[in-house]
Amino acid sequence: MKTNFFSRTKVSFLTNALVVILLAILGFTACEIEEPIPTYTLTTTISPAEGGKITLSPQAPNYPEGSQVTLTPDPNEHWVFKQWEGDAIGNTNPLQVTMTANTSITGVFVKRDYPLNLKIEGEGTVDEKIVPNPSGREYPHGTRVELKPIPKEGWVFESWGGDLSGNASPQIIIVDKEKNVIVKFKRKDYPLNLTITGEGTVEEKIVSTPGARTYPFQTVVQLTPKAKEGWEFESWGGDLTGKETPKNITVDKEKNVIVKFKEFPRVPAINADLFPQINWNDHAQAKNGTYDINKDGIPDIITWSSVIDDPKKRATLYVKDYSGKDIFSFNIKDKNPAVRDSLNRLLFDYRDLNNDGYLDFGLTYMGEWDYGNGDVRYNGVNTYLLMSKGNLDYDVTEILDIPKQSQYNLNIFDWDFDGLPDLLVSEMREGVYYKNLGNNKFEKRTLIPLFKQGIYNKYDYDKDGSIDFVNFYANQNTNEAMLNIVTKSTVINMNIIGKLIEKYTYPQKNPTSDRITLFDGDGDGDMDLVIGSLSVENGVPSFFQDYFENTGTRFEYKKDFIEYDKSLISEFQVWCEDIDRDGDIDLYYPTYSKSRLEADKWRYFWWENTGNGFKINKKFKLIY
């Protein structure tokens, strides 16, 4: 029995101790729990009930301590808000209350003895408030009323009318009889600022007052860009975007619009009408673009003119610029008065032979004469070298004087790869050239023909800083087409495949090729080939350009890579330049006839490089 008593006592003791510990833990934990934020009620009462209502913002059944609530009285018709009572006093409108306890507020409204009729013109409202009499005595039912105009967004208070005048705000009116007040609002005037980049104007459908471009609030203005000749609308900027035209803009605040015009691509083609008597071989072949010999910023041409039916009129070399100005001329008779009279045809080539930054010339005068019965006699060949001394001044040296012989060629190049430019005065197949011995001395030599001569041009094909001689040869009998590139050390031969290229002769029916251009048209770093050709259908000629991609070992035809429109007629040769200044190379014709620009067949155009081919573009501005 003692043992059982002891055991029960021990268990009871342990149980009590555990309870004490648990209570202590619970008490400690309870101390750490945050007390909740108290909330309060806001009760509003209308006095009298028919006087109006009170709007709460925000509206809620309970508000946390510290909340702010805005009370706005809204009187019914012919009633006016007078004051607050209860836990708020005064006539502040609207009233802001900070909730720190349960709050009860009464809005007191009074009925007018006399109607105060408000007529609103425009868009806006009027805040009405009872004002105490300065003497401390109030008129019955609030006969002193403060009127405060509240314009809607985009509107502005203009003036009072009726029983109030002027434009003071707020304004107090004494309602001692029926009063009629007109509250006039007008739309705000906002400026529409137009900034024009490029050359053009903007037509505005609504015309503003002189000296300013302002429009009433929410006026819709239609803007139509009007580009100057040679320019086109590009896009909107500022508060308008895109390219749509015309475009409407809503003037609901100050607006700033940028109107962007861009100039048509400037094409440096020359008007052939300026030079009706000259030979265009310089512009037709052996070059890809313009040059400026006298360095005045205007492109120049090297050309010649003669009177074929008068053997005493010798061919004259001319340098002219694209505006028609004469820059330089050379007449062999001035240098050698005793020269034979019949030298009335001229071949020329040019390079900077002495590396002074100016072109030097090689001139071959051909003598031939038709004695009237179709019997053409050749009266010799003379070749001269004009070495620049700068500023269009030249040392003239006679290289060849060969009587009773014809030579239909003149190419300056280092044909024997010894570092000195030589003269090729006959076709390459003959293997005859004049070797440059230095000091303007040349000696007739022979060499193994480097290629079968055809149409030529000059480029830095391998991009080593030296001009290479590029020869295009086509043989329609064997379907052979080849491009030969003569560099300063070797000859590169590349086949042209994918399309039959006919021989470079003027046809009666079939297509023929007559000009070549090399440039990187697809942006892959190497030079591709363009061949200009002529086709005659039913006696009507048309010109087209074929594109051949450089694969590294040959040139492969890319069908329709250059757009063709047989309704347009131009010429064999195209030149290459970044016409639209977008970073890639475009194609264009180097000449045009101003007198025929309006004729459908002779309309000028250029080809825009789209990245996927060259597309005809009829937007341009001819510079010269």
Side-chain angles (χ1 to χ4, degrees), residues 281 284-288 349 408-417 422 424-433 446-464 466-507 510-522 524-535 543-562 572-576 587:
N281 281 343
Q285 67 184 65
K287 58 189 295 192
N288 254 26
D349 198 4
Y408 285 94
N409 206 353
L410 178 63
N411 294 124
I412 302 174
F413 196 76
D414 182 11
W415 298 111
D416 52 13
F417 309 116
D422 312 303
L424 182 67
V425 295
S426 59
E427 288 195 11
M428 173 59 71
R429 65 183 177 181
E430 299 176 10
V432 176
Y433 77 109
T446 60
L447 51 74
I448 298 175
L450 304 177
F451 47 76
K452 296 178 181 179
Q453 191 160 341
I455 301 300
Y456 73 92
N457 214 325
K458 296 177 182 179
Y459 311 93
D460 183 6
Y461 176 82
D462 54 10
K463 300 182 180 180
D464 65 350
S466 299
I467 295 297
D468 305 314
F469 189 93
V470 179
N471 175 73
F472 162 62
Y473 175 79
N475 187 331
Q476 63 190 32
N477 295 321
T478 62
N479 293 336
E480 177 187 10
M482 177 77 68
L483 199 72
N484 317 107
I485 303 104
V486 185
T487 71
K488 64 181 179 181
S489 59
T490 188
V491 179
I492 303 170
N493 299 310
M494 298 180 67
N495 291 319
I496 303 169
I497 67 169
K499 183 177 182 180
L500 176 63
I501 302 173
E502 298 198 41
K503 194 173 182 179
Y504 41 87
T505 56
Y506 287 92
N510 298 323
T512 185
S513 56
D514 197 61
R515 298 288 186 266
I516 63 171
T517 298
L518 264 72
F519 72 110
D520 183 9
D522 52 14
D524 63 356
D526 55 25
M527 299 187 77
D528 304 312
L529 172 66
V530 172
I531 300 178
S533 300
L534 169 70
S535 178
F543 294 82
F544 59 93
Q545 309 290 331
D546 287 326
Y547 193 92
F548 296 82
E549 183 179 6
N550 188 340
T551 67
T553 58
R554 60 190 182 183
F555 292 94
E556 294 185 358
Y557 174 60
K558 296 187 71 172
K559 181 176 174 58
D560 299 327
F561 199 68
I562 301 178
F572 283 114
Q573 179 74 349
V574 296
W575 288 2
C576 52
L587 295 173

Among Phe413, Trp415, Phe417, side chain to side chain contact (heavy atoms under 4.5 Å, CB included) partner for Asp422 = Trp415
Tell me, please, which residues at least two apart from Asp414 pass side chain to side chain donor-acceptor pair (under 3.5 Å).
-> none
Enter the distance from Ile562:CD1 to Phe548:CZ here, rounded to the nearest 0.5 Å.
-> 9.5 Å
Counting N and O atoms only, with roles assigned by atom type, does the side chain of Gln545 sit under 3.5 Å from a partner on the main chain of Phe572, one being a donor and the other an acceptor?
-> yes
Closest approach of Phe544 and Ser535, non-hydrogen atoms and distance?
-> CE2-CB, 3.8 Å
Rounded distance [0.5 Å steps], CG in Leu410 versus CG in Asp349 = 5.5 Å
Considering non-hydrogen atoms only, spot the tightest contact between Glu549 and Asp522 and give its length.
-> OE2-OD2, 3.4 Å
All heavy atoms of Ile516 vs all of Tyr459, minimum pair found to be O-OH, 3.4 Å
Apply the test side-chain contact (heavy atoms from CB on, under 4.5 Å) to residues Phe472 and Asn457: give CA-CA distance (whole Å), side-chain angles for both, the deciding distance (0.1 Å), then the verdict.
-> CA-CA 8 Å; Phe472 162 62; Asn457 214 325; over 6 Å; no
Nearest 0.5 Å please: distance from the CD1 atom of Ile501 over to the CZ atom of Phe555.
-> 11.0 Å
Spacing of OH belonging to Tyr547 relative to CG belonging to Leu529, to within rounding of 0.5 Å | 9.5 Å
Check: Phe469 ring centroid to Phe451 ring centroid under 6.0 Å = yes
Ignoring hydrogens and angles, write down the donor-acceptor pairs under 3.5 Å from the side chains of residues 482-499, residues two or more places apart or on other chains.
residue, atom, partner, partner atom, Å
Asn484, OD1, Asn471, ND2, 2.8
Asn484, ND2, Asn493, OD1, 2.8
Thr487, OG1, Ser489, N, 3.3
Thr487, OG1, Thr490, N, 3.1
Thr487, OG1, Thr490, O, 3.2
Lys499, NZ, Asp546, OD1, 3.3
Lys499, NZ, Asp546, OD2, 2.7

Is the shortest heavy-atom distance from the side chain of Tyr461 to the side chain of Asn550 under 4.5 Å?
-> yes
Give a yes or no answer on whether the side chain of Gln453 reaches the backbone of Met428 with a donor-acceptor pair at less than 3.5 Å.
-> yes
Rounded to the nearest 0.5 Å, what separation is found between the NZ atom of Lys458 and the CD1 atom of Ile412?
-> 6.0 Å
Residues Arg554 and Glu556 bridged, charged N to O under 4.0 Å = yes
Could you go through the side-chain contact (heavy atoms from CB on, under 4.5 Å) check for Met527 and Asp468 one step at a time?
-> CA-CA 12 Å; Met527 299 187 77; Asp468 305 314; over 6 Å; no
Backbone of Asp520 reached by a side-chain donor or acceptor of Asp528 within 3.5 Å = no
If every non-hydrogen atom of Cys576 is compared with every non-hydrogen atom of Leu518, which pair is closest and at what distance?
-> SG-O, 4.4 Å
Distance-only, no hydrogens or angles: does the Asn288 side chain make a donor-acceptor pair with backbone N or O of Thr517 under 3.5 Å?
-> no
